[in-house]
Structures are given as C-alpha cells and as structure tokens.
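Computation of the quantities below employed the complete heavy-atom set of this structure, encompassing side-chain atoms and omitting hydrogens, waters and symmetry-equivalent molecules. None of the values given here were measured: they were computed from a predicted structure.
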Amino acid sequence: TESLVHTTLGLCLSKGDRFDWAIQKATELGVGAIAPLYSERVDFSIPPDRIEKRIAHWQQIAISACEQCGRVKVPSIIPPQSLAVWVENVSAEQKWVLHCADNTDASASAMTPGTPRDAALLIGPEGGLTDQEFAAASAEGFQLLQLGPRVLRTETAPAAAPPARGQRRFSPVRCGARPARRTSTYSTYRTCLVRHLPRAVPRILLLWRARGSTVLGATVEAVSLGDG
C-alpha cells in the first residue's frame with residue numbers, strides 16, 4: 001500500500017478544518033511526511049504553548065487515515081516552520097512547486113523521466129505563493145508544476161497533486177487556493193436513505209413473501225428505489 005516515491009509535502013497553513021482535511025487526504029494518497037509552513041499570506045500563527053498539542057492532533061488524523069486506507073507507515077508531521085527555511089533545507093531527488101503562472105511547459109510532459117526515490121512538493125496558502133516565495137523555491141531547485149487550467153482550493157491541491165505526480169497522469173486542474181464550503185458525503189447518503197428506505201422496505205418484504213423461497217438478494221435487485 002506504500003508509494004514507490006517517498007514524498008515530503010510542504011503545505012502552507014490554513015484556517016479551520018481545511019488543514020486537517022488536507023492532511024487526511026494526503027495521507028490516504030501516500031505522502032510520506034508533511035511539513036506545515038508559514039508564508040507571507042498565512043495571516044495567523046500557532047501559539048508556542050499549543051504547537052505540541054496541534055502536532056499531536058495532526059498526527060492522530062494521519063494515523064486514522066492510515067487505518068482507513070490500509071497503509072502500514074504513518075507519515076510524520078514536521079513541526080511548523082517558515083517556507084523559506086523549509087525550501088532551503090528539504091532534500092529530494094525531485095522538487096516541485098504548485099504555482100499559478102502562465103507556463104505551458106509545467107505539466108506532465110515536462111517532468112524528469114523515471115521514478116525518483118523521493119520527492120518534495122510545495123503547495124501555497126489561500127491566495128497562493130508570492131512572486132518572491134516562488135523565486136526563492138526556484139532558486140533551491142524547485143520546478144514549476146501545474147495540473148491544468150483551473151484553480152484549486154488550498155486543501156484540494158494536496159489531494160490532486162500527489163497521485164498525479166506519482167502516476168505521471170494529470171487532471172485538468174492546477175494549484176491555487178480558493179476556500180469554499182464542503183458538502184458532507186455522509187449527509188448525502190443519509191438524505192437518500194431517509195427519502196427512499198421507508199418506501200422500499202415494505203415492497204421488498206411483500207415480494208419476498210410472494211416468491212416464497214426466493215433469495216432476498218435477488219428480490220432486492222428487482223426493486224427500483226426510484227419508482228413512485
């Protein structure tokens with residue numbers, strides 16, 4: 001269940017539960033380490049006396065995500081640091097930065113052939129990286145990476161970029177940071193059940209009794225939940 005490429009994700013901090021969600025999805029998609037980063041457009045900081053507790057919280061999210069997806073290695077959560085410090089010190093065979101720039105050579109075809117042993121991926125905050133931050137990353141060997149013409153929210157990019165980079169296949173989207181409200185999958189399923197189950201169960205039971213020894217599974221297949 002582990003990726004062939006050990007990826008260190010440098011992800012700029014975001015407010016609310018968006019950063020938690022990004023950690024969860026990045027873990028499910030195989031990231032090996034996650035570094036929370038401060039950048040010019042991150043307009044808040046974690047109080048020093050709460051950093052240890054926050055790291056433990058993020059680590060528990062990663063553990064839960066591993067249990068859900070079947071991973072055997074839990075990604076490490078690196079203590080929060082500045083973007084400038086991270087890009088200067090991170091070591092990897094390939095380094096990529098998601099950034100909204102007009103560059104037609106920043107897609108899959110521009111990637112170095114072959115599979116590296118490790119890689120580093122930098123994703124900016126809401127509003128994206130500044131030109132100075134992008135220049136600093138480029139000076140440290142980070143190459144521009146884009147996933148297409150659309151702008152992703154800062155918490156969506158970690159879910160889209162790792163699998164695209166690892167498989168050399170790219171969706172028609174690219175990095176950005178535009179927060180928006182998320183709909184709950186659980187809420188959708190619950191609404192569907194509440195709406196259709198009361199009508200479906202009596203019909204299933206009636207058909208089952210009418211057919212005697214008919215297997216319930218076969219009867220269920222004959223019932224259309226969409227019928228009035």
Side-chain angles (χ1 to χ4, degrees), residues 7-69 71 74-87 90 96-100 120-134 137 145-148 150-165 171 173-191:
T7 301
T8 300
L9 174 63
L11 180 61
C12 289
L13 288 161
S14 54
K15 293 181 179 179
D17 63 349
R18 293 194 295 270
F19 197 80
D20 294 356
W21 191 89
I23 289 177
Q24 181 188 65
K25 299 311 172 188
T27 299
E28 291 176 6
L29 293 168
V31 165
I34 301 171
L37 303 178
Y38 292 109
S39 70
E40 185 174 332
R41 289 175 176 160
V42 174
D43 58 357
F44 69 97
S45 61
I46 302 172
D49 60 338
R50 298 184 59 186
I51 289 179
E52 185 175 346
K53 182 177 181 180
R54 188 66 62 88
I55 292 175
H57 169 72
W58 290 330
Q59 195 70 69
Q60 186 57 52
I61 290 174
I63 291 171
S64 298
C66 285
E67 293 173 350
Q68 188 278 327
C69 68
R71 285 189 64 179
V74 179
S76 59
I77 306 297
I78 302 170
Q81 57 192 284
S82 71
L83 184 150
V85 170
W86 185 77
V87 298
V90 67
W96 301 96
V97 51
L98 268 69
H99 184 62
C100 298
L121 177 64
L122 172 60
I123 296 177
E126 298 174 16
L129 300 172
T130 64
D131 292 340
Q132 293 78 10
E133 289 168 339
F134 176 69
L145 175 62
Q146 294 179 331
L147 306 181
R150 290 196 293 273
V151 178
L152 293 181
R153 298 194 303 267
T154 187
E155 72 270 26
T156 307
R165 179 204 49 74
S171 305
V173 292
R174 70 174 179 175
C175 169
R178 187 171 297 169
R181 296 178 62 183
R182 299 192 304 274
T183 57
S184 169
T185 302
Y186 169 76
S187 177
T188 302
Y189 290 157
R190 182 180 61 186
T191 301

Self-check item: side-chain contact (heavy atoms from CB on, under 4.5 Å) between Val42 and Leu83, worked out
Solution: CA-CA 10 Å; Val42 174; Leu83 184 150; over 6 Å; no
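Looking at heavy atoms from C-beta onward, Ile46 lies in side-chain contact with Tyr38 at the 4.5 angstrom threshold. The side-chain heavy atoms of Val97 and Glu133, taken from C-beta on, include no pair separated by under 4.5 Å. Residues Val90 and Leu122 fail the side-chain proximity criterion, which asks for heavy atoms closer than 4.5 Å. Contact check for Leu29 versus Cys69: no side-chain heavy atoms found under the 4.5 Å cut-off. No side-chain heavy atom of Thr27 sits less than 4.5 Å from a side-chain heavy atom of Ile61.
The shortest heavy-atom contact between Pro75 and Val31 is CB-O, 3.4 Å. The two atoms that bring Pro80 and Ile51 nearest to each other are CD-CG2, 4.1 Å, heavy atoms only. Nearest approach of Pro79 to Ile55, heavy atoms of both residues: CA-CD1, 3.7 Å. When every heavy atom of Glu28 is checked against every heavy atom of Ala65, the shortest pair comes out as CG-CB, 4.0 Å.
Summarising the geometry, atom OG belonging to Ser64 is positioned 11.5 Å from atom CD1 belonging to Ile23; distances are rounded to the nearest 0.5 Å. Expressed to the nearest 0.5 Å, how far CG of Leu13 lies from CD of Glu126 amounts to 11.0 Å. Rounding to the nearest 0.5 Å places CD1 of Ile123 at 12.5 Å from OG of Ser39. Taken from OG in Ser82 to CG in Leu37, the straight-line distance is 8.0 Å, to the nearest 0.5 Å. A distance of 12.5 Å separates CD1 of Ile77 from CZ of Arg54, quoted to the nearest 0.5 Å.
Heavy-atom neighbours of Gln81 CD from other residues, nucleotides or ligands within 6.0 Å: above the threshold of 12.
Between the side chain of Arg41 and the backbone N or O of Gly128, at least one donor-acceptor pair lies under 3.5 Å. Here the side chain of Gln24 pairs no donor or acceptor atom with the backbone of Phe19 at under 3.5 angstrom.
Tested against Leu121, the residues Thr8, Leu11, Leu98 include a single side chain to side chain contact (heavy atoms under 4.5 Å, CB included) partner, Leu98.
Using a 30° and 60° split on the angle between ring planes, Phe134 and His99 fall in the parallel class, below 30°.
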